[in-house]
Amino acid sequence: MACGSCGTTENGVPRGCKSNGNCGTGTCGSGSKLAVFDWLANMTLPSGEERFNIFEVRFKNGRKHFYKNPDNLPITMGDIVAVEGNPGHDIGTVSLAGELVKVQMKKRKITEDHEDVKKIYRKASQRDIDIWQQARAKEEETQRRGREILGRLGLQMKLSDVEYQGDGNKATFYYTAESRVDFRQLIRDLASAFSIRVEMKQVGARQEAARLGGVGSCGRELCCSTWLTDFRKVTTSAARYQQLSLNPLKLAGQCGKLKCCLNFELDTYLDALKTFPKQDVVLKTEKGEAVFVKMDIFKKQLWYTYKEERFKWFQLTLDQVLEIIALNKKNEKSMSLEEYESDIEIPVKVDFEDAVGQDSLTRFDAPKKSKRRKNNRNKNKKKPVIAATTKTAPANNTKKRPQRKPQVKAAAKSLDKTATNKPLEKSNKQKHKPRPRPKAKASNNNNSSKPSADNAEVKKPNKPRNSNNKNRKNSSSKDANNSEK
């Protein structure tokens, strides 16, 4: 976040005010937490009334205090002033002036003569600002070395932040701890290491997250680090009223506690739940007793199921449930839940046409059809059979292959008599060209009806491998018979 005059460079340093997000104008970062617009600045006070002489001064990480102006210095919002410290002086920026300071003091229950209201010494000079910036530059190194000393002592505490006073003579160490810690030796070691006055201040987990800052699960900056100042107690009952699942990973924030935003809408849910019946109320119907399952508060819908048949849920409206409860109070049973559910009218969704004529924004979301699928489909197609030598497959699509018996006698018959062998020979001659053989003699023409060895050697397709041996034995026996004749 940055104000209008703070354009950042590539390194994240503002170009305008050069205050790194801690300027007095606009709402830059966490430095101007709860920045207030003085809408009473242009209004004149009634005659005889003096201007309110207490100002609100902001320090590091949004820490604010009230200070008097006993010398009536001409101070306005955004001025850097030197104020009373403990001990010495501190440097801060005036965040609010005028009559609005009364409202803030009344909110915090601080009176004008309160002991916490200290004095404003002067407007900060250039020397005061230089010392203040040098002290702020040492904070990161001091925090790193302080954690090393803390680890050497072995104390069960976590050092979260360090803040130097404006004059550089004092440093406040903010820490978190689950139990009480004796850090007397730690204070001695820190004071001797940095030669400054040391003050230890314990903060809670929520205050630590507010000081460090960050981005929440909603995608925005943390509420505690931007505008939230008072931390109310958050319990799991707030999640139950809002019908949220009690998942600690989703309900906990970066501080490890329940999220503060669970309380933001709690009052609205409590007002809506006043008209709903209690969840332990049992509905008595003609079919049986029904118990509560879940509800949608703002749609005023409830889901019930029978005790004996819990596999199905029935959607009812709030008016229907109240009607059933009223009948049960009169010792009467209502109709079955199926009849109540059938009476609910489902609203029809109206699909509006695109008057402008533009295409749908999701037209590029459909995946493109790949060519590989088409090729796979073509490969999976069965090749046409040249000639069927076996019986046709049955009508039902069974994956079992038909059993084929070796046809030994078919080789002994002539190829001219069988009509199924002619297309086989032609196809075999076209695909597999036989070797050139010598022409047969004229005396062998009479024996053309009898099969020869050449005819027996013709390979027939779709024959099992086991039948080859039998065919060879039969062909050899037939050749012997021909020779004897």
- Query: Would you call Y174 and Q202 a side-chain contact if the rule is heavy atoms closer than 4.5 Å?
  - Reply: no

- Query: Roughly how far, to the nearest 0.5 Å, is NZ of K109 from NZ of K106?
  - Reply: 11.5 Å

- Message: A side-chain contact here means heavy atoms from C-beta on lying under 4.5 Å apart; do Q156 and E178 qualify?
- Response: no

- Note on the structure: Applying side chain to side chain contact (heavy atoms under 4.5 Å, CB included) to T305 and not counting sequence neighbours gives V291, V293, R310, W313

- Message: I'd like to check V162 versus E140 (side-chain heavy atoms, cut-off strictly below 4.5 Å). Are they in contact?
- Response: no

- Looking just at side-chain N and O atoms, do T111 and D113 make a donor-acceptor pair shorter than 3.5 Å? yes

- May I ask you to check whether Q104 and E56 show a side-chain donor-acceptor distance below 3.5 Å? no

- Kindly indicate whether the side chain of M295, heavy atoms from C-beta on, has any atom under 4.5 Å from the side chain of Q279. yes

- Query: Would you say K170 and Y164 make side-chain contact, with heavy atoms under 4.5 Å?
  - Reply: no

- Salt-bridge present (R144, E141; N to O < 4.0 Å): yes

- Query: Using a distance-only test with no angle check, is there a side-chain donor-acceptor pair under 3.5 angstrom linking Q134 and D130?
  - Reply: no

- Can you tell me if NZ on K123 sees more than 12 non-hydrogen neighbours from other groups inside 6.0 Å? yes

- Message: Can you give me the closest heavy-atom contact between P277 and L322, atom names plus distance?
- Response: CD-CD2, 4.4 Å

- Pairwise distance CD1(I149) to CD1(I187) - rounded to 0.5 angstrom: 12.5 Å

- Message: Using 0.5 Å steps for rounding, measure from the CG atom of L96 to the CD1 atom of I54.
- Response: 12.0 Å

- Message: Please tell me whether S192 and R188 have a donor and an acceptor in their side chains that are separated by less than 3.5 angstrom.
- Response: no

- Task: Taking only Lys NZ, Arg NE, NH1 and NH2, and the carboxylate oxygens of Asp or Glu, determine whether K300 and D319 approach each other closer than 4.0 Å.
- Result: no

- Message: Can a side-chain donor-acceptor contact be found between K259 and S217 if the only test is distance below 3.5 angstrom?
- Response: yes

- Message: Could you check whether any side-chain heavy atom of R197 comes within less than 4.5 Å of a side-chain heavy atom of N169, counting everything from C-beta outward?
- Response: no

- Do K102 and F52 come close enough that some side-chain heavy atom pair is under 4.5 Å? yes

- Item | Residue pair D271 / T268, side-chain donor-acceptor N/O under 3.5 Å | no

- Query: Please walk me through it: do V83 and Y121 pass side-chain contact (heavy atoms from CB on, under 4.5 Å)?
  - Reply: CA-CA 5 Å; V83 297; Y121 288 151; over 6 Å; no

- Straight-line distance of K330 NZ to N328 CG, nearest 0.5 Å: 11.0 Å

- Item | Within residues 153-162 or reaching into it, pairs that qualify as salt bridge (Lys or Arg N to Asp or Glu O under 4.0 Å) - sequence neighbours excluded | K60-D161, K158-E208, D161-R211

- Item | Side chains of Y340 and T285, donor plus acceptor under 3.5 Å | no

- Item | Interatomic distance, K118 atom NZ to H65 atom NE2 [nearest 0.5 angstrom] | 8.0 Å

- Going by an N to O cut-off under 4.0 Å, is there a salt bridge joining E332 and K284? no

- Task: Looking only at non-hydrogen atoms, find the nearest pair between I120 and P70 and report the distance.
- Result: O-CD, 4.2 Å

- Item | For the student: nearest non-hydrogen atoms of I75 and F55, plus distance | O-CE2, 3.7 Å

- Task: Rounded to the nearest 0.5 Å, what's the gap from CG on L159 to CD on Q143? Could you check?
- Result: 5.5 Å

- Message: Quick one about D189 and Q185 (side-chain donor to acceptor, distance below 3.5 Å, no hydrogens or angles considered), yes or no?
- Response: yes

- Query: Got a salt bridge between R184 and D182, using NZ or NE/NH1/NH2 to carboxylate O under 4.0 Å?
  - Reply: yes

- Item | For the student: nearest non-hydrogen atoms of N263 and V234, plus distance | ND2-CG2, 3.3 Å

- Task: Quick one: do F292 and D280 satisfy side-chain contact (heavy atoms from CB on, under 4.5 Å)? Show the steps, please.
- Result: CA-CA 7 Å; F292 173 81; D280 56 352; over 6 Å; no

- Item | Any donor-acceptor N or O pair under 3.5 Å, side chains E84, Y67 | no

- Least distance between heavy atoms, I324 atom then S334 atom: CG2-OG, 3.4 Å

- Message: Could you walk me through whether E99 and R51 satisfy the salt bridge (charged side-chain N to carboxylate O under 4.0 Å, His left out) test, starting with their C-alpha distance in whole Å, then the side-chain angles of each, then the deciding distance to 0.1 Å, before giving a yes or no?
- Response: CA-CA 8 Å; E99 298 297 320; R51 188 181 178 186; over 6 Å; no

- Query: Looking at side-chain heavy atoms only, is the closest gap between L337 and L316 below 4.5 Å?
  - Reply: yes

- Message: On a heavy-atom basis, which atom in V203 and which in T176 lie closest, and how many Å separate them?
- Response: O-CG2, 3.3 Å

- Salt-bridged, K287 to E309, with N to O below 4.0 Å? yes

